[in-house]
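Notes follow the structure.
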Amino acid sequence: MKFRPLGERVLVERIEEDTKTSSGIIIPDNAKEKPLIGIIKAVSTKLKEDKVLKENDKIVFGKYKGAEIKLDSKEYMVLELDDILGVIEK
């Protein structure tokens, strides 16, 4: 299934964090916070034209931002441009 965001929105797949601390303690799923970093999977036409963001950009977004959706049994976030705090560059 293909998803095309409208307006100034992007489709983001969260990057899961490690489930183990540096000292080897395993963090249970119910104690973990949802990650605030993700990879852009789709960009609206408007943002493509402005060349603000592109697919496969690694971004940081606000904690309580966006809408969660499920496509082909995978969870994604739909974020507005204002919800994105920045791009992580290599």
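Computed over heavy atoms, backbone and side chain alike; hydrogens, waters and symmetry mates excluded.
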Within this structure, what is the [atom1]-[atom2] distance for the pair [X] and [Y], rounded to the nearest 0.5 Å?
{"X": "D57", "Y": "I40", "atom1": "CG", "atom2": "CD1", "answer": "5.0 Å"}
{"X": "R9", "Y": "I84", "atom1": "CZ", "atom2": "CD1", "answer": "11.5 Å"}
{"X": "K58", "Y": "K90", "atom1": "NZ", "atom2": "NZ", "answer": "8.5 Å"}
{"X": "L36", "Y": "K65", "atom1": "CG", "atom2": "NZ", "answer": "12.0 Å"}

[X] vs [Y] side-chain heavy atoms within contact, under 4.5 Å:
{"X": "L11", "Y": "L79", "result": "no"}
{"X": "F3", "Y": "I69", "result": "yes"}
{"X": "E80", "Y": "E8", "result": "no"}
{"X": "Y76", "Y": "K41", "result": "yes"}
{"X": "I59", "Y": "I88", "result": "no"}
{"X": "V12", "Y": "V78", "result": "no"}

- Query: Is there a donor-acceptor contact under 3.5 Å from the side chain of S44 to the main chain of P5?
  - Reply: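 Such a contact is absent between S44 side chain and P5 backbone.
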Which heavy atom of [X] sits nearest to which heavy atom of [Y], and what is that distance?
{"X": "I39", "Y": "N56", "result": "CG2-CA, 3.8 Å"}
{"X": "V43", "Y": "L53", "result": "CG1-O, 3.9 Å"}
{"X": "D83", "Y": "G66", "result": "OD2-N, 3.6 Å"}

- Message: Tell me whether E13 is salt-bridged to K74, with the criterion being a basic N under 4.0 Å from an acidic carboxylate O.
- Response: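 K74 and E13: salt-bridged.
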- Can you list the steps and then say if E75 with R14 is a side chain to side chain contact (heavy atoms under 4.5 Å, CB included)? CA-CA 8 Å; E75 290 186 14; R14 289 182 191 260; over 6 Å; no
